[in-house]
Amino acid sequence: MLVFLLSGCNATPRVPDVLDVTIPPLATSDGQQLPPVRMEIKDQRTHSHVLRVEHHQDHAEFATTASPLATLISRELSSNWLFSPQSPIKMTLFIEDALIRVEHIDRTYQTNHNISLRLEGEHQSQSIIRRYQTIVTGAPLSAPDYQRMQRSFNQGLADTLTQLLNDEELRQWLIQQSTR
């Protein structure tokens, strides 16, 4: 006797190997350029992936970006802020977190995005430290929508970089330093 057992499981979309991180145009508040700086961008994450899908406690899948995240951020910031290796103002942008975390819990997928950046500046004996963060928590889904997550992550990254470019305290510090 042959018995077929059918289950009512939905087909879960395959986790992509690479996410297309493309940062939407950044909205600067007044169009004024920040003074030129010598910028370095460091990725301090212990991993290179931007997507972690946790199916259960002992199994997760990951996706990275086609280019290093630091390169993508540098490219976008440099189109809005002049970077010059000769500038006396040294800035270091640390990528502390940039992750879409998807958890499979009770037949649903919970999604959280966290993007955290820390900017440190030095000029002569003056310094500044600024932090920028975007957190997005998605509604539970019956199946992960990777295209939607990718769009949301891209927008979250743009929002975080826009926070940096529109930071009035940073702008004032840079203007002060550029007149010294």
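In this text the structure is predicted, and so the values were computed from the model without any measurement. Start at 1 with the first residue, then count along the sequence.
In this structure, Ile41 CD1 and Thr71 OG1 are separated by 8.5 Å, a value rounded to the nearest 0.5 Å. Interatomic distance, CD of Gln110 versus CG of Asn112, reported as 7.5 Å (0.5 Å rounding). Between the CG atom in Leu161 and the CD atom in Glu76 there is a gap of 7.0 Å [rounded to 0.5 Å]. Here the CD atom belonging to Glu54 is positioned 11.5 Å from the CD atom belonging to Glu61, to the nearest 0.5 angstrom. With rounding to the nearest 0.5 angstrom, the CZ atom of Arg148 is 14.0 Å from the CD atom of Gln150. Atom CD1 of Ile175 sits about 9.5 Å away from atom CG of Leu170, to the nearest 0.5 Å.
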Check your understanding: So Arg52 and Val102, side chain to side chain contact (heavy atoms under 4.5 Å, CB included) or not? Walk me through it.
Key -> CA-CA 6 Å; Arg52 176 184 172 95; Val102 181; over 6 Å; no
Check your understanding: What do the steps show when you test Thr108 against Leu141 for side chain to side chain contact (heavy atoms under 4.5 Å, CB included), and what is the final call?
Key -> CA-CA 5 Å; Thr108 64; Leu141 301 170; over 6 Å; no
Exercise for review: Applying side chain to side chain contact (heavy atoms under 4.5 Å, CB included), run through Val50 and Phe153 and close with a yes or a no.
Suggested key: CA-CA 9 Å; Val50 293; Phe153 182 81; 4.2 Å; yes
Practice item. Assess whether side chain to side chain contact (heavy atoms under 4.5 Å, CB included) is satisfied between Arg107 and Ser142, documenting all intermediate values. Key: CA-CA 7 Å; Arg107 296 187 197 143; Ser142 59; over 6 Å; no
Exercise for review: I would like to know whether Gln133 and Ser116 meet side chain to side chain donor-acceptor pair (under 3.5 Å); could you show each step before the answer?
Suggested key: CA-CA 4 Å; Gln133 184 172 34; Ser116 298; 3.0 Å; yes
Practice item. Could you go through the side chain to side chain donor-acceptor pair (under 3.5 Å) check for Glu103 and Thr111 one step at a time? Key: CA-CA 7 Å; Glu103 291 181 279; Thr111 305; over 6 Å; no
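Scanning for side-chain hydrogen bond (donor to acceptor under 3.5 Å, both in side chains) contacts around Lys42 gives an empty result, with sequence neighbours left out. Remark: Arg130 pairs with Asp167, Glu169 by the side-chain hydrogen bond (donor to acceptor under 3.5 Å, both in side chains) rule, at least two apart or across chains. Glu96 is linked by a salt bridge (Lys or Arg N to Asp or Glu O under 4.0 Å) to Arg118, Arg131, counting only residues two or more places apart in sequence or in another chain. Every residue two or more places apart in sequence or in another chain was checked for a side-chain hydrogen bond (donor to acceptor under 3.5 Å, both in side chains) with Arg75, and none qualifies. Take Ser79 and apply the side-chain hydrogen bond (donor to acceptor under 3.5 Å, both in side chains) test, not counting sequence neighbours, and it matches no residue.
Residue Tyr132 comes nearest to Leu164 through the heavy atom pair CE2-CA, 3.5 Å, listed as atom of the first residue, atom of the second, then distance. The shortest heavy-atom contact between Thr134 and Gly156 is OG1-O, 3.6 Å. In this structure, Trp173 and Gly121 approach most closely via the heavy-atom pair CH2-C, 3.7 Å. In terms of heavy atoms, Arg45 sits closest to Ala98 at NH1-O, 3.2 Å. Looking at every heavy atom in both residues, Pro36 comes nearest to Ser84 through CB-CB, 4.4 Å.
At a threshold of 4.5 Å between side-chain heavy atoms, the hydrophobic network of Ile, Leu, Val, Met, Phe, Trp and Tyr places Val21 and Ile95 in one connected group. Each of Leu157 and Val136 belongs to its own hydrophobic cluster when Ile, Leu, Val, Met, Phe, Trp and Tyr are linked at side-chain heavy-atom distances under 4.5 angstrom. Hydrophobic cluster membership is shared by Leu69 and Leu119, with clusters built from Ile, Leu, Val, Met, Phe, Trp and Tyr side chains linked at under 4.5 angstrom. In terms of hydrophobic clustering, with Ile, Leu, Val, Met, Phe, Trp and Tyr side chains grouped at heavy-atom distances under 4.5 Å, Leu99 and Tyr109 are assigned to different clusters.
Under the side-chain hydrogen bond (donor to acceptor under 3.5 Å, both in side chains) test applied with Gln177, the options His123, Gln172, Gln126, Gln124 reduce to a single match, His123.
A salt bridge is defined here as a Lys NZ or Arg NE, NH1 or NH2 lying under 4.0 Å from an Asp or Glu carboxylate O, and Arg38 with Glu40 fails to meet this definition.
Applying the ring-ring contact (aromatic ring centres under 6.0 Å, His included) test to pairs two or more places apart or on separate chains, those with a residue in residues 57-86 are His49-Phe62, His55-His59, His56-His59, Trp81-Phe83.
Using a 4.5 Å heavy-atom cutoff, the side chains of Met91 and Ile89 are in contact. Counting only heavy atoms from C-beta outward, the side chains of Leu82 and Leu34 never approach each other to under 4.5 Å.
For the residue pair Asp159 and Gln163, no side-chain donor N or O sits within less than 3.5 Å of a side-chain acceptor on the partner.
Judged by distance alone, the side chain of Ser74 and the main-chain N or O of Ala70 form no donor-acceptor pair under 3.5 Å.
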